[in-house]
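Below is one structure, written out as structure tokens, with a few remarks after it.
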Amino acid sequence: YRVMRDSDLYIADPRRVSGGLAAREERFMSNLAEKIPLIGRGIRAAERAYTSYLNKLRVDVFAGYVNKLQKMGLAQKEHSGLYRAFAGFVNNATGRGDLGKFNRVSQQLNTLFFSPRLIASRFNLLNPVWYIKQPTLVRNEAIKSFAEFVGVGTSVLTLAKLAGADVEIDPRSTDF
């Protein structure tokens, strides 16, 4: 847990006992829906489940990378930047992008835009410059992950098209 915190892996508090709205997942930044009679409890439960799942996903993926690094003899104390880069990749891959100098006003940005951190993470993962700035180990894992995502998506869509589904293949189309 200390390695995760020192590496800036984002772990939300599903109970929301600390940090206020800033500690929540972006999709649940407002607590207005929780005040609706009868369904408010269900919405709170859905938020806890969603937050807990994302926390578990982030922790499991990051722990896998940490295990690889430790097997390679790369300890966290000597290679904290590498651990931080892997945590940043995991955060981006799970929709928790870094807003840079706008981190301070992320709550206000969330009022104007839906999930600005998600938007930032998608821009990062589609930006070749982001990959170039990463350490080699992180870059290789990120490219491998991206290639797997594209490969699986293409395979599923190809199988769907072969089965007779209407699949749009023109990248200029809004239905692509």
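Only a predicted model underlies this, so the values are computations on that prediction, with no experimental measurement involved. Only heavy atoms go into these numbers, but all of them, side chains included; no hydrogens, no water, no symmetry mates.
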Does a sphere of radius 6.0 Å around NZ in Lys133 hold more than 12 heavy atoms from other residues, nucleotides or ligands, not counting ones at 6.0 Å or beyond?
no

Asn91 backbone acceptor or donor facing Arg117 side chain under 3.5 Å
no

Tyr83 and Tyr65: side chain to side chain contact (heavy atoms under 4.5 Å, CB included), yes or no, with the steps?
CA-CA 9 Å; Tyr83 281 69; Tyr65 289 134; over 6 Å; no

When clusters are formed by joining ILVMFWY residues with side-chain heavy atoms under 4.5 Å apart, either directly or through shared neighbours, do Leu126 and Phe149 land in the same one?
yes

Do Phe89 and Gln134 touch side chain to side chain, with heavy atoms closer than 4.5 Å?
no

Determine, for Arg44 against Glu47, whether the closest basic-nitrogen to carboxylate-oxygen distance falls under 4.0 angstrom.
no

Arg122 (side chain) donor-acceptor with Asn92 (main chain) under 3.5 angstrom
yes

Between the side chain of Asp8 and the main-chain N/O of Arg84, is any donor-acceptor distance below 3.5 Å?
no

Check whether any side-chain heavy atom of Val3 lies under 4.5 Å from a side-chain heavy atom of Leu9, and answer yes or no.
no

For the residue pair Ser7 and Gln76, what are the closest heavy atoms and their distance?
OG-NE2, 4.0 Å

Are any of the side-chain heavy atoms of Val152 and Ser155 separated by less than 4.5 Å?
no

Give a yes or no answer on whether the side chain of Tyr131 reaches the backbone of Leu125 with a donor-acceptor pair at less than 3.5 Å.
yes

Quick check with a 6.0 Å cut-off and a 45 degree axis cone: is Arg96 positioned over the face of Tyr10's six-membered ring?
yes

Give the minimum heavy-atom separation between Gly95 and Ser121, together with the two atoms involved.
CA-OG, 3.4 Å

Is it true that a side-chain atom of Ser145 and a backbone atom of Ala142 form a donor plus acceptor pair closer than 3.5 Å?
no

With side chain to side chain contact (heavy atoms under 4.5 Å, CB included) as the criterion, how do Phe176 and Asp170 come out once you've worked through the C-alpha distance, each side chain's angles and the decisive distance to 0.1 Å?
CA-CA 6 Å; Phe176 176 68; Asp170 181 6; 5.7 Å; no

Look at Asp6 together with Arg2 and state whether they make a salt bridge at an N to O cut-off of under 4.0 Å.
no

